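Below: the structure, in structure tokens.
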Amino acid sequence: MHSLGPGADLEAEWVAAGLRLPDRTAIRRYRLERVRSQLRAAGCDAALLYDPMNIRYATDTTNMSIWTMHNPVRYALVATDGPVVVFEFSKGEFLDTHSEVVDEIRPGLSYTYFYAGTRAEEIADGWAGEIADLLGEHGRGDRRLAVDRLDPIGMRALEDRGVVLVDACALMEEARVVKSSEEIAAMRCAVHACEAAIAEMRAAFEPGVTEMALWSVLHAGNIARYGEWIETRLLASGPRTNPWYQEVSSRRVQAGELMGFDTDMICAYGACVDISRTWLCGGGRPTPAQHDVWSMAAEQIERNTELHYPGASVHEIVERSWYPSLDEYNYYTVLSHGVGLCDEYPSVFTRERWGRHGYDAELQPGTVMCVEAFVGSKSGGEGVKLEEQILITETGHERLSTYSLDLV
């Protein structure tokens, strides 16, 4: 998949649209150095990565990403001053040979009960011995290992061998937050692919169509354009639009109803495109109630987008943000969040949630953010979901998503 790439036809489509194709070798090298910089700052000898998104970031290799999200059978060790070793699942070593940042490919050893059964502790001991040997060979001696996801049995096996475990989740999020120019080039292609799939779904949006049929068009458009999967099933119509987070169903959309969706799409080059739109079914004019919730959602997007610029703090965005009264309207979980290979750090919460969930951070050039809005009256009626994807630049921000926010 990675060696063949998007294919000549799709690449020609992007070039015709004025887009630049990314240098994937430059992306791999940039990302690996970002990871190693974080490891050096944390005083770690290596990172042991199980999360498929982190493995993708550090090595640009994949193998059944969704399946390995819940089956810990594939992992990578990134030495701070040594090799990158991918431990591959089920004789899939050939899947990683395209990536020049991978130095060695070994068979993976899984101690998960699914594979190891009652021998889990025995197999975990052998697994830990291999990891500890690599640390001893390429580390500085103190055996500080950053790990993102590890079961208790694995933690005990490593600690019994004198390995000091450090949380890799924070390190990887910080590494991933600033995108290179080549990563942005890849994301622009992904946005173009996503919006082409949205246009195909719009063409199928007629009274009587089921929510599932619409969603299938979006899926098909993503896969046909070198996409990989969609993270959620967020598409709802009519009374199911409020409150938000209803998953796509067999309901048929009726003329005069609203239908909203959130792409949450892992697109071309593994880049996430996370945008939302709400449409009126069957043409015509929206009712006053429909227009009111849409206009408030659109205003929230416009006003809060302007708060995103280099040097802006998360706390400042929260304090200056605008959204309808939470006493009267249902709202979305966050005001904005980072995005890259998936939804990423940082998350910007509402003022009401700041005390319990909020934390501060500073927006940097090269960060990509998704600005969110959902508005639906607590007294009932339909709701509107909107979301835009923006790039923080040296001087402000740039909208990467271009599809119209309009209802019709």
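Here the structure is a predicted model, which means the values were calculated and not measured.
- Using a 4.5 Å cut-off on side-chain heavy atoms (C-beta onward), Trp354 and Glu319 make no contact.
- Put simply, the side chain of Gln246 never gets that close to the backbone of Ala236: no donor and acceptor are under 3.5 Å apart.
- Listed for the Glu231 side chain is no donor-acceptor partner under 3.5 Å among the backbone atoms of Trp229.
- Under 3.5 Å, the side chains of Ser379 and Ser377 contain a donor-acceptor pair of N or O atoms.
- For Glu195 and Arg202, the salt-bridge test fails: no basic side-chain N is under 4.0 Å from an acidic carboxylate O.
- The residues Glu183 and Arg34 are annotated as not salt-bridged, no charged nitrogen and carboxylate oxygen being separated by less than 4.0 angstrom.
- Between Glu182 and Arg31, none of the side-chain N atoms (NZ, or NE/NH1/NH2) sits under 4.0 Å from a carboxylate O, so this pair counts as no salt bridge.
- Evaluation of the salt bridge (charged side-chain N to carboxylate O under 4.0 Å, His left out) rule for Glu104 yields Arg106 as partners, not counting sequence neighbours.
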What donor-acceptor contacts under 3.5 angstrom involve side-chain atoms of residues 327-334, with partners at least two apart or in another chain?
residue: Asn330; atom: ND2; partner: Asn242; partner atom: OD1; Å: 2.9
residue: Tyr332; atom: OH; partner: Tyr245; partner atom: OH; Å: 3.3
residue: Thr333; atom: OG1; partner: Tyr245; partner atom: OH; Å: 2.7

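- Of the possible polar contacts, none joining the Asp406 side chain to the Val408 backbone as a donor-acceptor pair under 3.5 Å is found.
- Side-chain atoms of Val101 and Asp60, non-hydrogen and from C-beta on, never get closer than 4.5 Å to each other.
- In this structure, the side chain of Gln290 engages the main chain of Gly256 through a donor-acceptor pair within 3.5 Å.
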Q. Asp142 and Val164: side-chain contact (heavy atoms from CB on, under 4.5 Å), yes or no, with the steps?
A. CA-CA 8 Å; Asp142 51 4; Val164 178; over 6 Å; no
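- With a 4.5 Å cut-off on side-chain heavy atoms, Glu302 and Leu405 count as touching.
- The pair Glu388-Arg277 counts as a salt bridge, with a side-chain nitrogen and a carboxylate oxygen less than 4.0 angstrom apart.
- Val368 has its side chain within reach of Ile184: a pair of non-hydrogen atoms, C-beta onward, lies under 4.5 Å apart.
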N/O donor-acceptor pairs under 3.5 Å from side chains in residues 155-162, not counting sequence neighbours:
residue: Arg161; atom: NH2; partner: Asp125; partner atom: O; Å: 3.3
residue: Arg161; atom: NH2; partner: Asp125; partner atom: OD1; Å: 3.3
residue: Arg161; atom: NH2; partner: Asp125; partner atom: OD2; Å: 3.4

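- In this structure, a donor-acceptor pair under 3.5 Å is absent between the side chains of Ser295 and Glu299.
- More than 12 heavy atoms of other residues, nucleotides or ligands sit less than 6.0 Å from atom CD of Glu316.
- Contacts classified as ring pair (Phe, Tyr, Trp, His ring centres under 6.0 Å) and involving residues 37-64 (residues at least two apart or in different chains) are given here: Tyr50-Tyr75.
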Q | CA sep, side-chain torsions, deciding dist, call: Leu335, Thr350, side-chain contact (heavy atoms from CB on, under 4.5 Å) | A | CA-CA 6 Å; Leu335 298 171; Thr350 60; 3.9 Å; yes
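- By the 4.5 Å heavy-atom criterion applied to side chains, Arg176 and Asn54 are counted as neighbours.
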(Q) Assess the residue pair Asp343 and Cys272 against the criterion (side-chain contact (heavy atoms from CB on, under 4.5 Å)); give the C-alpha distance rounded to whole Å, side-chain angles, the decisive distance to 0.1 Å, and a yes or no. (A) CA-CA 7 Å; Asp343 287 357; Cys272 181; 4.2 Å; yes
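- The line from CG of Leu391 to CZ of Arg188 is 6.5 Å long, rounded to the nearest 0.5 Å.
- Once rounded to the nearest 0.5 Å, the distance linking CD of Glu206 with CG of Leu214 reads 9.5 Å.
- You'll find the side chain of His192 stays beyond 4.5 Å of the side chain of Cys189, heavy atoms only.
- Around CZ of Arg119, the count of heavy atoms belonging to other residues, nucleotides or ligands within 6.0 Å does not exceed 12.
- The closest donor-acceptor contact from the side chain of Thr80 to the backbone of Cys44 lies under 3.5 Å.
- Between His219 and Trp215, the angle of the ring planes goes over 60°, which puts this pair in the perpendicular group of the 30/60° scheme.
- Side-chain N/O atoms of His2 and Thr62 include a donor and acceptor closer than 3.5 Å.
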Q | Cys370 vs Ile275, side-chain contact (heavy atoms from CB on, under 4.5 Å): CA-CA, chis, key distance, verdict | A | CA-CA 7 Å; Cys370 293; Ile275 62 178; 5.9 Å; no
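- A side-chain donor-acceptor contact under 3.5 Å links Glu211 and Ser237.
- Residues Phe89 and Trp67 place their aromatic rings such that the two centres sit under 6.0 Å apart.
- The existence of a salt bridge linking Glu247 and Arg240 is excluded, since no basic side-chain nitrogen approaches an acidic carboxylate oxygen closer than 4.0 Å.
- At most 12 heavy atoms of other shown residues, nucleotides or ligands fall within 6.0 angstrom of atom CZ in Arg285.
- Formation of a donor-acceptor pair under 3.5 Å by the Arg36 side chain with backbone atoms of Ala79 is found in this model.
- For Asp274, there are no salt bridge (charged side-chain N to carboxylate O under 4.0 Å, His left out) partners at least two apart in sequence or on another chain.
- With sequence neighbours left out, Arg149 forms a salt bridge (charged side-chain N to carboxylate O under 4.0 Å, His left out) with Asp51.
- Contact check for Tyr359 versus Ser347: side-chain heavy atoms found under the 4.5 Å cut-off.
- In summary, the side chains of Glu387 and Ser276 do present a donor paired with an acceptor at a separation below 3.5 Å, with no hydrogens or angles considered.
- For the pair Thr59 (side chain) and Val102 (backbone), a donor-acceptor distance under 3.5 Å is absent.
- Closest non-hydrogen pair, Glu11 versus Pro6, comes out as OE2-CD, 3.6 Å.
- Under the salt bridge (Lys or Arg N to Asp or Glu O under 4.0 Å) rule, Asp96 has a single partner from Arg56, Arg74, Arg28, which is Arg74.
- Within the model, atoms OG1 of Thr61 and CG of Leu95 stand 8.5 Å from one another, a figure rounded to the nearest 0.5 Å.
- Taking the six-membered ring wherever Trp is involved, the centroid distance between the rings of His308 and His397 does not fall below 6.0 Å.
- Judged by distance alone, the side chain of Lys385 and the main-chain N or O of Leu235 form no donor-acceptor pair under 3.5 Å.
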(Q) If you apply the rule salt bridge (charged side-chain N to carboxylate O under 4.0 Å, His left out), what do you find for Glu306 with Arg320, and how did you get there? (A) CA-CA 10 Å; Glu306 294 305 311; Arg320 297 176 59 196; over 6 Å; no
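- In this structure the side chain of Leu145 reaches within 4.5 angstrom of the side chain of Ile131, judged on heavy atoms.
- Tyr269 and Trp14 have their aromatic ring centers within a separation under 6.0 angstrom.
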